[in-house]
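These notes concern the structure reproduced below.
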Amino acid sequence: MRSYLFVPGDSIKKLDKAITSGADVVLIDLEDSVAQSNKQSARETTANFLRAHASTQDRPRLYVRVNALDTELTDDDLHAVIPAGPDGIMLPKSISGHNVTALDVKLQACEAVSGLPQGQIDIIIVATETAASIFNLGTYADTSPRLVAMTWGAEDLSADLGAESNKDEQGNLTSPYRLVRDLCLIGATAAGIQPVDAVYTNYRDLDGLRHEATNARRDGFTGKMAIHPAQIPVINDVFTPDPETVERARKIVEAFKQAGDAGVVGLDGEMLDRPHLRRAEITLTRWKNK
């Protein structure tokens, strides 16, 4: 999954637009973009939207971002939307792997009550929104088979740290947030799940988005969050391997296959070892799952 588009759960107009945006995942938001007084209405709107598009062909995957576990709103969110069969739940402000385990238990109960198959709903987490969470980014391995991706965010973290800004005068992330980005990438990879880069907040600056997304792909991220439909084509393009890269990956995989149990092979005058094979396999997986 390359692109994840946030949409307020209380806006029918924006939800209808998102379904045709080309995003791989539409993240229906019940958290930050919904006022406290409108939470229940947003739950109802979200559930109706999920039901209306459950059988839609070639639709994006539909995830719901619920409110954080410490808000006492999570259970109401889940009870409202799980019967409508979302493809996944995004958990914000996750502190550690224990939060994923707790959410897994809640989902099991909701699936049972709703008559849904056990384990069909994925989990994605925002794992860097508090200072305490940064020390636990290595705790997510083997927490739940539902956990498929981890992303990071700088806005809530900067508020938690009491920072004046998370960017310098040139618009670049300052040191604490570069560190958090890198640790999210490493933590997700260690857990065997997809590392997803944070949003690029200036939705009019598509060149800046492409630059940031390209750097994220270079470093190992496999997708990126979005806040506007206009960002989706850029993100999809950046995170889709080009034909030349795919063909090169196929040649590498075939060369190792033909060599049997070799640790090193030669291809087009270059010596390649097992890390090259692993990168080629990842490229082909991304191509197949685009």
Would the number of heavy atoms belonging to other residues, nucleotides or ligands and lying under 6.0 Å from [atom1] of [X] be above 12?
X      : atom1 : result
Gln57  : CD    : no
Asp75  : CG    : yes
Gln118 : CD    : yes
Arg218 : CZ    : yes

Kindly say whether [Y] contributes a backbone atom to a donor-acceptor pair with the side chain of [X] at under 3.5 angstrom?
X      : Y      : result
Thr151 : Val126 : no
Arg65  : Met90  : no
Ser114 : Glu111 : no
Thr139 : Gly97  : yes

Taking side chain as C-beta onward, heavy atoms only, is [X] less than 4.5 Å from [Y]?
X      : Y      : result
Val7   : Lys17  : no
Ser3   : Asp24  : yes
Arg59  : Asp87  : yes
Asp77  : Arg43  : yes
Tyr4   : Ile235 : no
Val238 : Lys224 : no
Arg181 : Leu185 : no
Pro195 : Met150 : no

task = Go through the side-chain N and O atoms of Asn215 and His211 and say whether any donor and acceptor fall under 3.5 Å apart.
result =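 Yes, because at least one side-chain N or O of Asn215 sits under 3.5 Å from a partner of the opposite role on His211.
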request  = Go through the side-chain N and O atoms of Gln108 and Asp104 and say whether any donor and acceptor fall under 3.5 Å apart.
outcome  =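 Yes, a side-chain donor-acceptor pair sits under 3.5 Å.
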Please report the interatomic distance [atom1]([X]) to [atom2]([Y]), rounded to the nearest 0.5 Å.
X      : Y      : atom1 : atom2 : result
Asp197 : Thr222 : CG    : OG1   : 10.0 Å
His53  : Asn48  : NE2   : CG    : 10.5 Å
Asp29  : Ser11  : CG    : OG    : 11.5 Å
Asn236 : Gln231 : CG    : CD    : 11.5 Å
Glu212 : Phe221 : CD    : CZ    : 10.0 Å
Asn166 : Tyr177 : CG    : OH    : 5.5 Å

Considering non-hydrogen atoms only, spot the tightest contact between [X] and [Y] and give its length.
X      : Y      : result
Gln194 : Gly223 : NE2-N, 3.9 Å
Val100 : Ser144 : CG1-CB, 3.8 Å
Arg146 : Ile121 : NH1-O, 3.1 Å
Gly9   : Ile28  : CA-CG2, 3.6 Å
Tyr140 : Ser94  : OH-OG, 2.9 Å
Pro233 : Pro229 : CD-O, 3.5 Å

ask   = Got a salt bridge between Lys251 and Glu270, using NZ or NE/NH1/NH2 to carboxylate O under 4.0 Å?
value =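 A salt bridge is absent here (no side-chain N lies under 4.0 Å from a carboxylate O).
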message = Does this structure show an ion pair linking Asp156 with Lys93, if we count only N-O contacts that are shorter than 4.0 Å?
response =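 A salt bridge links Asp156 with Lys93.
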Same cluster or not: [X] versus [Y], using hydrophobic residues (I, L, V, M, F, W, Y) connected whenever any side-chain heavy atoms lie under 4.5 Å apart?
X      : Y      : answer
Leu91  : Val34  : no
Val264 : Ile252 : no
Leu78  : Leu50  : yes
Val113 : Val64  : no
Leu73  : Leu30  : no

query = Can Glu254 and Lys257 be said to form a side chain to side chain contact (heavy atoms under 4.5 Å, CB included), step by step?
reply = CA-CA 5 Å; Glu254 182 61 25; Lys257 181 180 178 180; 3.9 Å; yes
query = Thr45 and Ile12: side chain to side chain contact (heavy atoms under 4.5 Å, CB included), yes or no, with the steps?
reply = CA-CA 7 Å; Thr45 298; Ile12 291 292; 3.3 Å; yes
request  = Carefully, step by step, assess Ile82 and Lys106 under the rule side chain to side chain contact (heavy atoms under 4.5 Å, CB included).
outcome  = CA-CA 10 Å; Ile82 296 305; Lys106 291 178 182 293; over 6 Å; no
inquiry  = Just to verify, which of Leu103, Ile193, Thr143 counts as forming a side chain to side chain contact (heavy atoms under 4.5 Å, CB included) with Ile123?
reply    =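 Among the candidates, only Leu103 passes.
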Chi angles and distances behind the side chain to side chain contact (heavy atoms under 4.5 Å, CB included) call for Thr128, Leu183 = CA-CA 9 Å; Thr128 66; Leu183 288 175; over 6 Å; no
task = Decide yes or no on salt bridge (Lys or Arg N to Asp or Glu O under 4.0 Å) for Lys39 and Asp76, but give the supporting numbers first.
result = CA-CA 10 Å; Lys39 296 290 188 184; Asp76 288 341; over 6 Å; no
